[in-house]
Amino acid sequence: MVMSTYVAYMDALAAATEAADITRPEDGLRAVAVLRRLTDTLELAQVEAALRSGMGWGEIASCLGVSRQAVHKKHAKRVQPGLAPTRRR
């Protein structure tokens, strides 16, 4: 594991632990927000990787457990230019 990946993993683990601690709601909510941003970043990276590999919006949506329309709406304008397929699959 590369050091930066390890550090990110440990930060995520610490945030998850804090988010699960219901004795300090303010800290827990901040940790949930950190995890949400991390999840969004990871999801976008995986969607871009999937598009690069030739997957279409429908296949990506199936993997994420959402509709094709939902994944397209969320990511079509966020992915790197040229990655999004121009026709339906």
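All residue numbers in this chain count up from 1 along the given sequence. The analysis underlying the following values was restricted to heavy atoms, covering all of them including side chains, and did not include hydrogens, waters or symmetry mates.
- From W57, atom CH2 reaches atom CZ of R68 across 10.0 Å, with rounding to the nearest 0.5 Å.
- What you find for A12 and L35 is that their closest heavy atoms are O-CD2, 3.7 Å.
- Residues V66 and I60 share a hydrophobic cluster, clusters being chains of Ile/Leu/Val/Met/Phe/Trp/Tyr side chains in contact below 4.5 Å.
- Distance CZ/R36 to OG1/T41: 12.5 Å, rounded to 0.5 Å.
- Residues passing the salt bridge (Lys or Arg N to Asp or Glu O under 4.0 Å) test with R24 are D21, D27, sequence neighbours excluded.
- Taking the ring-ring contact (aromatic ring centres under 6.0 Å, His included) definition, one finds that H75 meets it with nothing, sequence neighbours left out.
- Taking every heavy atom of both residues into account, V79 and A76 meet most closely at CG2-O, 3.6 Å.
- Atom NZ of K74 is separated from atom CD of Q69 by 15.5 Å, given to the nearest 0.5 angstrom.
- For A31 against A19, the heavy-atom pair with the smallest separation is CB-N, 3.6 Å.
- Checking side-chain atoms of T17 against main-chain N and O of L13 turns up a donor-acceptor pair under 3.5 Å.
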Return a table of donor-acceptor pairs under 3.5 angstrom between the side chains of residues 45-55 and protein atoms on other chains or two or more places apart.
unit_1, atom_1, unit_2, atom_2, d
E48, OE2, Q80, N, 2.9
R52, NH2, Q80, OE1, 3.4
S53, OG, A50, O, 2.8

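- Under a 4.0 Å N-O distance rule, the pair R78/D40 does not qualify as a salt bridge.
- Interatomic distance, CD of E26 versus CZ of R30, reported as 5.5 Å (0.5 Å rounding).
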